[in-house]
Amino acid sequence: MLQRRTNLEELRKLGVAPYPNRFDPQATIHEVVEAHGARSAEALEAGPTTTRTAGRILAIRSFGKANFLVLSDGRARIQVYVREDSLSPRDFRIYKLLDFGDWVGVEGRLFRTKTKEFTIWASQLEFLAKCLLPLPEKWHGLTDIETRYRQRYLDLVVNPDVRRVFEVRSRVMAAVREFLGARGFLEVETPMMQSIPGGALARPFVTHHNALDIPLYMRVAPELYLKRLTVGGVERVFEINRNFRNEGMSAQHNPEFTMLEFYQAYADYTDLMPFTEALLADAAQHAVGTDRVAYGGQTISLAPPFRRVSLREMAREAASARLGADVAPEDLRSRDKAAALAARLHLEVTPAMGAGRITAAIFEALCEDALVQPTFVYDFPTEVSPLSKQKPDDPDTVERFELYVAGFELANAFSELNDPAEQQRRFEAQLRQRAGGDEEAHAMDEDYIRALEFGMPPAAGEGLGIDRLVMLLTDSHSIRDVILFPLMRPKPVGSGQWAVGSGQ
RNA sequence: GACCGGGUAGCUCAGUGGUAGAGCAGCGCACUUUUAAUGCGCGGGCCGCGGGUUCGAUCCCCGCCCUGGUCACCA
């Protein structure tokens, strides 16, 4: 470390700016490799090509008069051949002061070494920035998971696969926007700070606005605002942005996560199933070039159509299988019978839980993990779906589905409840659950009721977890692997320790 | 929140109740096409923090902090 500072001072003495303001590359390293990396030694000899590029030094190999640098632009790497008699005395003195991790620009002719390595024969060297701290070791790299998340920049420097994950993520976002835009959906941004958090059953983060002296909540979902927009006549609308939920963290849960929500007027939940299939197949095709993805040693096919099963039927079958006895559909309809069934399955049931919540709990406990290939689980109990529309012939059931893939929930969609009186009753039921100790129960939102009273067209809406989709497409098994700066407990930058992540 | 594992050099990791170890990285020298370069030499540590047991603790005991995984809740 001291040596690096000494080298920086030596550069200054040479009149070399250790942090110059700009450099003019002709091409990125990635572009140079793309354009010329396949050319043979003879071809490079016959048609000499000079290039000018820049990157971070990932290796220095010195052999007396023959010296090699490996530069990276974060996407590709290229070797640079440095010899004293090809450079000006100034540039060679710069070379002697380089450290692993420094940023440099080079200009030179492309060729292949005796070992066929594609290489730039440096004729000019520009110093671009000093790396004062040692980078992780080149062979084992950076494997400490905590440091990888806290100091993602080091992870990106040393682990090339990490860059790929975030390139996939970027393409997923672009493909989703393109898909929806092409179908007439308007992208909007709605409040992330809300005075009444709503649209999902979850505990919010609380903050405070000083000038208004009011509490504000970080949104748990954009749902109620997007539906207000359908009231306003925006027939197709979507938002991709962060939601915040003040709950536990796990391999599938980060306190802030990115969700796509979209709403389509005049449609119901059955319309969204083929729509979702097409959206996912398209996103996969654009992001990774295939709709068959490897995940945890299994192959998951995102090719339509996906399997469809009713939630009650799945819960009933799974309970029957677990108990080795036939469970009748009625056993999930009455509260007493459902509670007795849950007890036999060793599931915890609170007094506030009705037959619907118990059925959902049975499904989650027994069925979720087994849903590896994409599966639409449809027809949820009304009790766990305060914003969904009931089936015309069955008021205890709503028109709702969740899409499960690889054992986790990827999307949640339903025919939107647009009857203000019924919505009022649902909110009141939620308030009773809240009074019964359920902190995730939905709050009353009178302005939302009023909006519905102005008339919301029939519509179907869906939320889709972008982080989880990226996990699926990149074979990532922790949500932290697809979020650049996942939340970490703040940690001081101690002696010898590196810096902190987003928890700072 | 519960359970299991981890915290030793910049990085990756060994290790022991009695002066703290390796590889890589760093520094010096040699070397004109190497690529985990090689060879020789040299530096480098509150062994997570606090207490206890002990003549003596990095090691044993207790507590705490941080962290990875699993489970519970959630998308």
Side-chain angles (χ1 to χ4, degrees), chain A residues 1-4 6-7 41 58-70 77-86 99-101 111-119 121 131-151 154 158 199-203 220-221 242-261 347-348 360-361 364-365 368-369 384 402-405 408-413 438-440 462-469 471 477-480 488-492 494-498 500 503:
Chain A
M1 262 188 269
L2 181 68
Q3 184 62 37
R4 288 167 181 264
T6 306
N7 286 346
L58 291 191
I60 301 175
R61 290 185 288 274
S62 176
F63 297 82
K65 287 182 181 164
N67 306 281
F68 298 90
L69 302 176
V70 176
R77 296 177 177 193
I78 197 166
Q79 177 168 269
V80 178
Y81 180 50
V82 176
R83 46 183 304 153
E84 186 167 9
D85 56 13
S86 297
D99 287 299
F100 177 47
F111 77 112
R112 281 187 186 277
T113 62
K114 284 179 186 170
T115 51
K116 301 300 177 202
E117 176 86 6
F118 182 64
T119 305
W121 191 316
C131 175
L132 288 172
L133 298 175
L135 288 170
E137 186 223 340
K138 64 184 172 191
W139 184 237
H140 295 93
L142 180 64
T143 59
D144 181 74
I145 294 174
E146 179 189 355
T147 308
R148 287 188 46 222
Y149 296 151
R150 284 184 188 276
Q151 294 177 272
L154 295 177
V158 176
L201 305 182
R203 292 168 65 179
V220 295
R242 234 67 67 77
N243 290 342
F244 308 86
R245 298 190 183 174
N246 203 345
E247 291 163 356
M249 295 157 65
S250 77
Q252 277 87 41
H253 301 85
N254 195 61
E256 56 176 313
F257 64 101
T258 300
M259 189 140 103
L260 161 69
E261 274 201 22
L347 296 176
E348 195 182 337
E364 284 165 16
E368 263 188 31
D369 294 348
V384 296
E402 287 184 346
L403 174 62
Y404 282 85
V405 187
F408 55 72
E409 183 188 339
L410 186 60
N412 178 21
D438 182 359
E439 292 184 67
E440 291 174 4
E462 177 164 337
L464 191 150
I466 295 290
D467 310 277
R468 290 184 178 178
L469 175 56
M471 286 170 69
H477 295 263
S478 169
I479 197 168
R480 293 177 159 199
M488 305 286 284
R489 186 182 298 274
K491 196 172 179 176
S495 58
Q497 281 295 315
W498 283 331
V500 300

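Order of the sequence lines sets the chain letters (A, B, ...), proteins ahead of strands, with each chain counted from 1. Side chains are part of it too, since the values below use all heavy atoms of this structure and drop only hydrogens, waters and symmetry mates.
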Return the pairing partner of [N] with a 3.5 Å limit on both distances, Watson-Crick or G-U wobble; otherwise return none.
N	answer
B:rC3	B:rG69
B:rG41	B:rC27
B:rG63	B:rC49

For B:rA36, take OP1 and OP2 only and decide whether either is under 4.0 Å from a side-chain N or O of A:Arg61.
no
If you compare every side-chain N and O of A:Arg150 against the phosphate oxygens of B:rU67 (OP1, OP2), does one of them come in below 4.0 Å?
yes
Using a 3.5 Å distance criterion without hydrogens, assess whether the side chain of A:Thr119 forms a donor-acceptor pair with backbone atoms of A:Glu117.
yes
Would you confirm whether A:Arg245, through its side chain, and A:Ala221, through its main-chain N or O, come within 3.5 Å as a donor-acceptor pair?
no
May I ask you to say what [X] touches in the nucleic acid, namely base, sugar-phosphate or nothing, with a heavy-atom cut-off under 4.0 Å?
X	result
A:Glu364	sugar-phosphate
A:Asn243	nothing
A:Arg77	nothing
A:Arg83	base
A:Phe111	base

Given B:rG68, B:rU34, B:rA72, the nucleotide with the shortest approach to the side chain of A:Ser250
B:rA72
Among the candidates B:rU32, B:rU33, B:rU34, find the nucleotide nearest to the side-chain atoms of A:Thr119.
B:rU34
For [X] and [N], give me the distance from atom [atom1] to atom [atom2], rounded to whole Å.
X	N	atom1	atom2	value
A:Leu135	B:rU12	CG	P	13 Å
A:Arg148	B:rC66	CZ	P	22 Å
A:Ile60	B:rC31	CD1	P	19 Å

Going by 5.5 Å between centroids and 30° between planes, is there a stack of A:Phe68 over B:rU34?
yes
Which sits closer to the 5' end of RNA chain B, A:Ser62 or A:Thr113, going by the nucleotide each is nearest to?
A:Thr113
Same-atom distance (C1') from B:rG15 to B:rC55, integer angstrom
24 Å
A:Asn67 side chain reached by A:Ile60 side chain, heavy atoms, under 4.5 Å
no
